[in-house]
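Below you'll find the structure, written out as structure tokens, and then a few comments.
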There are 2 protein chains.
Amino acid sequence: MLSKNQLKYIQSLHHKKYRQQHGAFLVEGAKSVQEVLQSDFQTELLVATEEFYKENARLTDHQRTPVEIASVADLQRAGTLESNNAALAVVKTKENRPLLAEPGEIVLILDDIRDPGNLGTILRIADWYGVRKVLCSETTADVYNPKVISASKGSFTRVSWWYGAIEGVLQQSENAVYGAFLDGEDVHTLDFGSSGYLVMGNESNGIRPETERYVTKRVTIPRYGDAESLNVGIATAVLLDNWQRTVTAK
Amino acid sequence: MLSKNQLKYIQSLHHKKYRQQHGAFLVEGAKSVQEVLQSDFQTELLVATEEFYKENARLTDHQRTPVEIASVADLQRAGTLESNNAALAVVKTKENRPLLAEPGEIVLILDDIRDPGNLGTILRIADWYGVRKVLCSETTADVYNPKVISASKGSFTRVSWWYGAIEGVLQQSENAVYGAFLDGEDVHTLDFGSSGYLVMGNESNGIRPETERYVTKRVTIPRYGDAESLNVGIATAVLLDNWQRTVTAK
């Protein structure tokens, strides 16, 4: 059973300030918890219904994860999900280590993506398209926000990220830097290189001028109808799809 | 100012039952309300802050739309948005008329898309890719749900829809029917025809067997990483992007 102190601690992790202070974040729901237990993340506490615990004992026992059995009501009180009848894990955050682009690699750069749902969706898309590294401006949503973790559908365990001054990274790079704009080259006919950066900008304002100066190729998804724009998650998927298509065709 | 009865009426439209009973739905927020006032939808009541009304008088006056001036607090009490400092429109629903695919047209079929956010996003994507008609199974989310309208970012004014037995439509059609599956032909190399249907299935279960039998070409988005799946909105965008790319290249 969850103690009052445990409940209070878990609830504090809904907030970025306490996640940073404690170096821990929440993973919620059966699927995401199963994925995190099988990943290289370190789980400091698993809160689970008896049923989930029994079915997944194999995953917890070999890691010697501390476990508390809880009711569905307690799980929902502790966590952020409206409905969670399975489990919640308190997981240690990782060190913020710089990530370098290797040859032949596509690296995603998020320049001020503010919406946690968008960030989570983008991690899932990166994971689908084989992108393993995501560099985020300091102003991008916190990847450890429970909404991001939840929207990523487990992909947060397979994609690495770094937060910092992305201008500095771009300045030192000799790689191609593709940036999504409304007036760039048509991605249906563009021949993407086999590696480089793809920069996606803020939901309302796009890529910031201080980042834009390092973009070596402006790219655009052609429009056939009348919508003003595409959501940034959708645009990321379409761009990576076109990039991987041209690389594969070589 | 909003009367108690007006408030009650508007709040009832949060629910499908009352939207159907009254033949009306809600459009909320500055951008969406501006779009609906310029569309062929009929607005029966505009509730607006004084500021929004003054700035948009041109849009309401020529349609002789009844207007109530309201505070931000009242707007938020009446509507579904957490924050709305502009306006809300009560709009008449349209008749559910059958839509036929014209030659050279791509028509989207939604087979049991349950999430209103996904449906709204799909309308926006359809609008971007020039798809003007969307056929929905009866089990697909209600397009007049405020979350759908809001997520469509105004695209609901430019895309037409029909709800009904999609099997019947497909049965009578001689058009190509493309369906999204995990084991279909790679859309990066597939040569799409210039017209036809694209069927997207349920978020968890995909296309239903009774619809699947009419699919003439199974298509798949190639995966380069490890995510199990893509969100249905993302998949719709990537498929339409590939379809329009091959049609344009001809």
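Sequence lines set the chain letters: A, B, ... in the order given, protein chains first and strands last, and positions in each chain run from 1.
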Legend entry - Neighbour count >12 (heavy atoms, 6.0 Å) for atom NZ, A/K94: yes

Inset, instruction - Name the region of B/N242, side chain, backbone, both or neither, that has any atom closer than 4.5 Å to a heavy atom of chain A. - result: side chain

Inset, instruction - Please check if atom NZ in B/K153 has more than 12 non-hydrogen atoms from other residues, nucleotides or ligands closer than 6.0 Å. - result: no

Legend entry - Pairwise distance NE2(B/H188) to CG(A/D241) - rounded to 0.5 angstrom: 3.0 Å

Inset, instruction - Select all residues of residues 111-132 of chain A having any heavy atom within less than 4.5 Å of some heavy atom of chain B, and report them by number, or 'none'. - result: A/T121, A/R124, A/I125, A/D127, A/W128, A/Y129, A/G130, A/R132

Legend entry - Atom NZ of A/K31: over 12 foreign heavy atoms under 6.0 Å: yes

Inset, instruction - Could you please state which residues from residues 221-236 of chain A sit under 4.5 angstrom from chain B, measuring non-hydrogen atom to non-hydrogen atom, sorted by number, or 'none'? - result: A/I221, A/P222, A/R223, A/Y224, A/G225, A/D226, A/A227, A/E228, A/S229, A/L230, A/N231, A/G233, A/I234

Inset, instruction - Kindly check if the number of other-residue, nucleotide or ligand heavy atoms within 6.0 Å of NZ (A/K250) is above 12? - result: yes

Inset, instruction - Decide if atom CD of A/Q38 counts as having more than 12 heavy atoms of other residues, nucleotides or ligands within a radius under 6.0 Å. - result: yes

